[in-house]
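Keep in mind the model is a prediction, meaning the values are calculated, not measured. Only heavy atoms go into these numbers, but all of them, side chains included; no hydrogens, no water, no symmetry mates.
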Amino acid sequence: MVAQETARRMIRDGRGGSIINISSILSELPVRQVAAYSASKAAVSQMTRCLALEWAKYGIRVNEIRPGWLETDLTAPFLKGQGAKVMAGNNPTGRLGDVHDLDGVVLLLASKASAYITGSSITVDGGHSLGR
């Protein structure tokens, strides 16, 4: 709904722009006990590609960021104690992400530096989705 309203205004004003959706590495990486969450994030991925295709003619770019394990309010209960150590140990970088690890990719996708990027997904996970 937010993307639709944003696009309506961009089209109305004739200015185009950039819409950035946030999904998760779990949109493609199967993990036990998170099927509903993963399916919802896979839907965001498909929606991103569909909207990019639909709105490109208006100069609207639609891309997606797929974060890995970040320390947030949502992940805090899972990452208490040993959970954080296990997850960090399974990551090639040896650490969990911080929300500020997304700053660079957000700036890229929001700026004219990404003028020819649409319908793309950028993974920011410290290599987690590559495996060990």
Side-chain angles (χ1 to χ4, degrees):
M1 291 170 55
V2 172
Q4 286 178 324
E5 183 59 28
T6 300
R8 272 191 208 102
R9 293 174 187 212
M10 289 177 175
I11 292 167
R12 180 194 66 208
D13 297 344
R15 60 186 160 101
S18 176
I19 295 173
I20 304 166
N21 293 321
I22 307 294
S23 68
S24 168
I25 59 171
L26 297 179
S27 66
E28 286 194 336
L29 182 67
V31 175
R32 288 178 184 91
Q33 300 181 359
V34 292
Y37 179 82
S38 295
S40 72
K41 295 307 181 177
V44 171
S45 296
Q46 185 65 2
M47 181 187 71
T48 296
R49 291 188 295 273
C50 290
L51 295 180
L53 183 61
E54 188 171 333
W55 294 336
K57 63 186 173 193
Y58 301 109
I60 299 171
R61 297 173 289 109
V62 185
N63 294 289
E64 156 192 40
I65 300 172
R66 291 181 176 168
W69 290 98
L70 304 179
E71 296 184 67
T72 66
D73 291 342
L74 179 67
T75 61
F78 176 74
L79 297 176
K80 285 183 182 172
Q82 287 300 107
K85 290 181 183 177
V86 169
M87 293 307 294
N90 287 332
N91 194 316
T93 61
R95 70 175 181 90
L96 296 174
D98 179 271
V99 292
H100 295 294
D101 289 322
L102 302 177
D103 293 352
V105 71
V106 169
L107 289 171
L108 168 67
L109 293 176
S111 75
K112 293 187 189 248
S114 64
Y116 202 56
I117 300 173
T118 194
S120 295
S121 299
I122 299 178
T123 300
V124 182
D125 72 349
H128 181 89
S129 57
L130 299 173
R132 291 173 43 142

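Side chains of P67 and I65 form a contact here, defined as non-hydrogen atoms less than 4.5 Å apart. Using a 4.5 Å heavy-atom threshold, the side chains of W69 and D125 count as separate. Two residues are said to be in side-chain contact when any heavy atoms from C-beta on lie closer than 4.5 Å; I20 and N63 fail this criterion. In this structure, the side chains of L96 and L70 stay at 4.5 Å or more apart for every pair of heavy atoms.
Listed here is the closest heavy atom pair of S27 and S23: OG-OG, 4.1 Å. Residues L51 and A3 approach most closely at CD1-CB, 4.1 Å, considering heavy atoms.
Using modelled atom types, one side-chain atom of R61 and one backbone atom of L109 make a donor-acceptor pair closer than 3.5 Å. Between the side chain of S111 and the main chain of A113, a donor-acceptor pair closer than 3.5 Å is present.
Judged by distance alone, the side chains of N91 and T93 do bring a donor and an acceptor atom under 3.5 Å apart. The closest side-chain donor-acceptor pair between R66 and S45 falls under 3.5 angstrom.
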message: Run E28 and K41 through salt bridge (charged side-chain N to carboxylate O under 4.0 Å, His left out) and show every step you take.
response: CA-CA 9 Å; E28 286 194 336; K41 295 307 181 177; over 6 Å; no

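Heavy-atom neighbours of Q33 CD from other residues, nucleotides or ligands within 6.0 Å: at or below the threshold of 12.
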